[in-house]
Amino acid sequence: MKAKKRVVTARPTARTPTVRKIKPAIVPAPRVAASARPSPSLDKPARGSRSSVVAVAPAVDALGGGEVDLSVDLGRGLVLPNPILVASGTFGYGIEYGDVVDIQRLGAICCKGTTLKARIGNPTPRVTETPGGMLNSIGLQNPGVDAVIEKYGKTWSGWKVPVIVNVAGESIADYVECARRLDGQPGVAGIELNISCPNVGKGGLQFAIDAEAAGAVTAAVRRATDLPLLVKLSPNVADVRPIARAIADAGADALTAINTLSGIAVGPARSRPLLGNIYGGLSGPAIKPVALRVVYEASQVVDIPVVAIGGVTELADVLDYLAVGAVAVQVGTAIFADPTLPARLVDELGAECRRRGLDDYRPLIGTALPKRAGPPSAKGVEYRP
Ligand SMILES: Cc1cc2nc3c(=O)[nH]c(=O)nc-3n(C[C@H](O)[C@H](O)[C@H](O)COP(=O)(O)O)c2cc1C
């Protein structure tokens with residue numbers, strides 16, 4: 001492992017306090033109007049408004065209030081300017097959206113899943129719309145880590161917005177080698193491990209569904225790089241808590257939760273499943289209650305920051321995730337319907353803090369968690385809640 005170094009950061013601040021130390025907010029969050037239902041268009045930017053960059057004015061100017069500190073420390077020097085990130089696979093490599101939105105206003109960009117070698121992805125069809133969301137089975141189509149570094153690294157290094165590279169693999173050696181190649185590369189602010197991948201060494205069982213395998217891959221990558229390391233939890237498990245703990249114990253700097261839920265759709269003639277890969281990952285508003293539960297459970301058993309992902313379409317979703325212990329959120333599927341949403345959420349969160357008389361957003365974190373951590377129960381997975 002190389003010597004410790006600082007990576008791309010915004011303003012350094014004190015490390016985000018753990019949720020247990022945070023005081024509850026005084027004013028309840030209002031619900032805001034529901035935004036448009038996401039309509040997926042594969043993992044490409046929405047067309048239509050490409051000619052003009054939507055520069056969302058800082059909320060501070062719009063409302064004339066004082067500046068709100070939205071910065072968030074994800075550990076190991078990765079300090080984001082705000083807690084609104086974009087989720088892997090829904091924002092390309094960031095570049096694709098440069099003429100649609102002011103990407104520099106985002107908290108961070110998690111780029112498309114990246115593997116050691118290039119992958120052509122799954123057979124088509126790869127996406128389909130579902131009630132309240134979408135199913136995708138892109139299959140990690142990407143040009144491989146070396147090509148990603150060569151193609152995008154220089155551009156990323158000139159950006160204010162940190163870029164976190166989402167890494168996937170089929171063996172621990174894959175993940176380790178990918179992380180090694182990213183280590184020290186200009187423009188790479190951190191790594192997010194997508195461990196929802198079949199582990200060839202364990203007979204095809206996903207790393208993410210086994211605490212031992214999740215801990216082993218995290219520990220191996222931790223030894224290989226000094227980059228901030230985020231590890232993404234899968235919801236497709238009976239109990240996420242031992243897995244979250246194993247990942248934290250293995251040296252991850254933060255958890256992100258959740259990846260998609262496994263699902264299928266049936267083809268029009270009902271003669272076979274619709275997706276070319278049969279199985280797809282469900283995302284969008286439909287998965288938010290599941291993601292809330294996972295974030296709620298994980299944030300009570302680890303002391304590292306938890307970043308929430310799942311069906312964010314409006315400010316109320318962000319506030320809900322903060323309330324159950326997330327320090328930040330990622331926006332995914334909703335970007336296909338409205339690429340300007342993440343930057344707008346930054347403004348709306350700042351405005352919401354000012355409305356509540358807060359000069360930073362941290363008092364919003366953990367307000368819906370139990371006041372005292374109780375013993376773990378099976379409530380999250382039992383048949384009758
Ligand atoms: C088209 C598509 C591609 C995705 N690709 C990846 C990926 O490469 N790596 C990864 O970790 N997650 C990937 N995801 C999962 C998202 O990052 C996110 O965890 C999930 O969609 C839940 O968030 P959402 O409901 O806001 O979309 C993908 C999701 C979609 C919809």
Side-chain angles (χ1 to χ4, degrees), residues 35 37-46 84-93 96 108-115 119 121-122 124-145 148 164-169 175 178 190-197 206-208 217 229-236 255-263 275 277 279-292 294-295 306-314 317-318 320-321 326 328-339 341-342 345:
S35 61
R37 185 158 152 241
S39 81
S41 59
L42 226 150
D43 52 348
K44 290 194 194 117
I84 310 293
L85 296 76
V86 288
S88 175
T90 63
F91 208 73
Y93 296 95
E96 299 86 336
I109 292 171
C110 296
C111 81
K112 252 170 98 79
T114 302
T115 49
R119 284 176 60 102
N122 286 333
T124 57
R126 291 173 167 186
V127 293
T128 186
E129 197 167 353
T130 61
M134 66 182 277
L135 273 174
N136 91 83
S137 65
I138 306 298
L140 295 171
Q141 179 181 347
N142 80 99
V145 64
V148 167
I164 296 167
V165 177
N166 182 277
V167 167
Y175 282 98
C178 219
I191 291 176
E192 178 183 53
L193 288 191
N194 171 8
I195 56 170
S196 300
C197 302
Q206 282 182 27
F207 288 94
V217 69
L229 181 59
L230 291 66
V231 181
K232 194 164 180 177
L233 297 176
S234 168
N236 305 315
L255 295 175
T256 59
I258 56 175
N259 214 319
T260 52
L261 280 112
S262 178
L275 296 173
N277 182 53
Y279 296 95
L282 181 65
S283 62
I287 73 168
K288 183 186 157 194
V290 178
L292 277 171
V294 171
V295 172
V306 179
V307 178
I309 324 163
V312 171
T313 64
E314 59 181 10
D317 301 323
V318 177
D320 286 350
Y321 280 122
V329 303
Q330 295 184 12
V331 186
T333 300
I335 289 171
F336 296 132
D338 180 6
L341 173 68
L345 288 174

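Whatever order the structure lists ligands and atoms in, that order sets their numbers, starting from 1.
Of all the atoms in ligand 1, the ones that sit under 4.0 Å from a non-hydrogen atom of Ala87 are 17 (O). Of all atoms in ligand 1, numbered sequentially from 1 with element shown, those under 4.0 Å from a heavy atom of Ile309 are 18 (C), 19 (O), 22 (C), 23 (O). Within the listing of ligand 1, atoms 22 (C), 25 (O) sit less than 4.0 angstrom from a heavy atom of Ile287. Short contacts between ligand 1 and Gly311, defined as distances under 4.0 Å to a heavy atom of the residue, involve ligand atoms 24 (P), 25 (O), 26 (O). Counting the atoms of ligand 1 from 1 in the order shown, those under 4.0 Å from a heavy atom of Leu140 are 8 (O).
Considering both main-chain and side-chain atoms, Val331 never comes within under 3.5 Å of ligand 1 through any nitrogen or oxygen pair. For the pair Gly332 and ligand 1, the shortest N or O to N or O distance falls below 3.5 Å. Considering backbone and side-chain N/O of Gln330, none are found under 3.5 Å from N/O of ligand 1. The shortest N or O to N or O distance between Ser88 and ligand 1 is below 3.5 Å.
Counting heavy atoms from C-beta outward, Leu193 and Leu229 have side chains that approach closer than 4.5 Å. Considering only heavy atoms from C-beta on, Ile309 comes within 4.5 Å of Lys232 through its side chain. Ile335 is listed as a side-chain neighbour of Pro342, based on a closest heavy-atom distance under 4.5 Å. No side-chain heavy atom of Leu275 sits under 4.5 Å from any side-chain heavy atom of Asn122.
At a heavy-atom cutoff of 4.0 Å, ligand 1 is contacted by the backbone of Ile258 but not by its side chain. Looking at Asn259 against ligand 1, both its backbone and its side chain come within 4.0 Å, counting heavy atoms. Here Asn166 has side-chain heavy atoms under 4.0 Å from ligand 1, and that is the only part of it that gets that close.
Just one residue in the list Asp320, Ile84, Val318 forms a side chain to side chain contact (heavy atoms under 4.5 Å, CB included) with Val312, and that residue is Val318.
No donor-acceptor distance shorter than 3.5 angstrom exists from the side chain of Tyr321 to the backbone of Val307, with no hydrogens or angles considered. For Asn236 (side chain) and Ser234 (main-chain N/O), no donor-acceptor pair under 3.5 Å exists by modelled atom type. At distances below 3.5 Å, at least one donor-acceptor pair connects side-chain atoms of Ser88 with backbone N or O atoms of Cys111.
Scanning both residues, Cys178 and Val145, for their nearest heavy atoms gives SG-CB, 3.7 Å.
The residue among Gly284, Pro285, Gly132 with a heavy atom at the shortest distance from atom 25 (O) of ligand 1 is Gly284. Distances from atom 12 (N) of ligand 1 to the heavy atoms of Lys112, Lys232, Arg126 show the closest one on Lys232.
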